[in-house]
Amino acid sequence: MTPTPGDCVASKPDGKPHRPQFLVKHTREPTLVSPAEETEKGLYFLSNLDQNIAVIVRTIYCFAGAGDDKGGKDRCPAEVIRSALEKVLVRYYPLAGRLTISPEGKLIVDCTGEGAIFVEAEADCELAEVGDITKPDPETLGKLVYEVPGARNILEMPPLVAQVTKFRCGGFALGLCMNHCMFDGIGAMEFVNSWGETARGLPLTTQPFLDRTILRSREPPMIESLHHEFMEIEDFKPSSFQEEEEMMYRSFCFDPDKLERLKANATGDGALGKVTTFEALSGFVWQARTKALKVPPEHRAKLLFAVDGRRKFKPPLPNGYFGNGIVLTNSICPAGELLDRPLSHAVGLVQASIEMVTDSYMRSAIDYFEVTRARPSLASTLLITTWSRLSFHGADFGWGQPVVSGPVVLPEKEVILFLSHGKERKSINVLLGLPAQAMEIFEGLVMQI
């Protein structure tokens with residue numbers, strides 16, 4: 001049986017899940033997949049919102065495979081996916097280019113058309129033996145994505161790298177390495193879903209809008225907000241026992257009942273009216289992680305999270321905008337204040353951070369980068385990344401929806417990831433890494449809900 005998000009995985013005494021020592025071999029040499037037709041060449045502009053998050057994101061999609069009724073046994077997933085990639089790159093041609101540095105010292109895409117890297121591989125086990133892929137694990141899950149040999153930085157890596165790994169059961173995994181500067185989560189899912197539609201011979205539901213110059217900085221730049229997301233605050237040094245401990249990664253499932261209890265806790269004292277699931281869950285994990293790490297009361301704690309600005313810009317960004325339409329917002333307060341006051345206080349800070357994101361704030365953030373070239377600081381920070389509203393289930397290449405999908409690794413120790421869970425996607429998996437004893441405290445706080 002293929003694992004589903006949140007399934008239990010047997011653990012060793014040190015808290016690490018048992019992982020099979022399976023092998024993955026490349027059945028063909030990595031190749032370049034270029035657009036099926038001639039595409040536009042030259043330099044392709046990346047906005048300042050793209051510049052801020054130029055990191056590689058590694059994700060995996062697992063499919064039941066060629067032995068089911070939908071795909072048929074006579075179709076090879078790697079061939080179908082590769083052929084569809086050639087076609088969809090005609091519409092998404094910047095992904096076939098290479099990153100370089102503009103005369104202004106910023107990232108830009110040279111649309112060479114040379115293509116994405118594509119790899120075919122086989123694993124010597126069944127898909128179910130891989131275990132719970134919703135738990136980030138670079139050592140094991142890293143075998144299902146392709147690392148470009150010798151690449152020293154993002155300029156030496158193509159914006160898109162794909163690996164299709166076939167399992168003995170007939171199932172297969174699509175592992176993707178994509179640079180976040182090319183698109184945010186919504187844009188990435190629109191691309192992957194378009195890729196799947198192309199594989200199934202369907203017209204694209206969403207046509208990509210490629211002109212990112214609509215998010216150029218203003219002339220002259222106008223910094224109208226404080227932008228504390230860039231503020232460097234004193235980093236918290238954990239206690240010695242935590243400093244020596246290896247990071248543990250866990251996934252906690254918040255089902256609808258637990259989420260409703262959180263929302264009730266956040267509004268129970270009357271300080272707040274209606275709260276969303278995201279607001280209540282974010283306030284809780286901010287409090288719980290701060291307590292688990294034993295942050296001193298006088299030390300400032302910072303929360304960062306992305307807000308989708310597509311509808312908040314004036315005018316709104318066009319449908320299918322190919323790029324980053326998100327902006328980071330923030331809240332900073334003393335750890336003692338965060339921990340001594342009820343959940344409603346933390347949730348209220350989250351609400352205020354969301355309300356702060358207006359057209360003026362976002363354009364000010366664009367201009368702030370233009371003037372300072374600063375990047376958000378993660379010192380003493382929790383960065384929440386939300387994938388719970390992304391349509392991962394829409395990635396259908398002809399073998400149905402993925403049975404499970406998730407990240408290979410959390411990009412930084414400060415990052416917590418929210419993922420939807422369950423057939424109706426009403427539960428949320430919270431993925432995070434903490435030192436072992438801090439993780440034990442965090443787990444206890446979750447159990448109390």
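Everything quoted here is computed from the prediction, not taken from an experiment.
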#### Entry: Within 45° cone of Phe252 ring axis and under 6.0 Å: Arg250 NZ or CZ
yes

#### Entry: Lys/Arg cation over aromatic Trp195: Arg91, 6.0 Å, 45° cone
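Checked: cation-pi criterion not met.
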
Sidechain N-carboxylate O distance under 4.0 Å for [X], [Y]:
X      : Y      : result
Arg200 : Glu197 : no
Arg58  : Glu147 : yes
Glu120 : Arg28  : yes

[X] side chain to [Y] backbone, donor-acceptor under 3.5 Å:
X      : Y      : result
Arg375 : Gln51  : yes
Lys291 : Trp286 : no
Asp50  : Leu46  : no
Lys302 : Ser377 : yes

### Message
What I want to check is whether the side chains of Thr112 and Asp110 have a donor and an acceptor closer together than 3.5 Å.
### Response
no

### Query
In a check of ring-ring contact (aromatic ring centres under 6.0 Å, His included) between Phe322 and each of Phe209, Phe45, Phe183, which one passes?
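Of the listed residues Phe209, Phe45, Phe183, the ring-ring contact (aromatic ring centres under 6.0 Å, His included) partner of Phe322 is Phe183.
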
Nearest-0.5 Å distance that lies between atom [atom1] in [X] and atom [atom2] in [Y]:
X      : Y      : atom1 : atom2 : answer
Asp184 : Ile326 : CG    : CD1   : 5.0 Å
Glu229 : Asn52  : CD    : CG    : 8.5 Å
Glu412 : Leu383 : CD    : CG    : 9.0 Å
Tyr249 : Leu410 : OH    : CG    : 6.0 Å
Tyr61  : Leu176 : OH    : CG    : 5.5 Å
Leu281 : Leu262 : CG    : CG    : 6.5 Å

What is the minimum heavy-atom distance between [X] and [Y], and which atoms define it?
X      : Y      : value
Gly325 : Leu317 : CA-CD1, 4.0 Å
Thr27  : Ala121 : OG1-N, 3.9 Å
Ser34  : Leu89  : C-CD1, 4.4 Å
Thr290 : Ala335 : CG2-CB, 3.9 Å
Thr165 : Glu122 : CG2-C, 4.1 Å
Gly398 : Arg75  : O-NH1, 4.0 Å

#### Entry: Test side chain to side chain donor-acceptor pair (under 3.5 Å) applied to Arg212 and Tyr44, step by step
CA-CA 9 Å; Arg212 304 190 190 199; Tyr44 177 74; 2.9 Å; yes

### Message
So Val446 and Phe284, do their side chains get closer than 4.5 Å, heavy atoms only?
### Response
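Side chain of Phe284 against side chain of Val446, heavy atoms only: contact under 4.5 Å found.
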
### Query
Is the number of heavy atoms from other residues, nucleotides or ligands under 6.0 Å of Glu156 CD greater than 12?
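Yes, because the 6.0 Å sphere around CD of Glu156 holds more than 12 heavy atoms from other groups.
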
### Query
Is the Phe418 ring parallel, tilted or perpendicular to the Phe278 ring (thresholds 30°, 60°)?
perpendicular

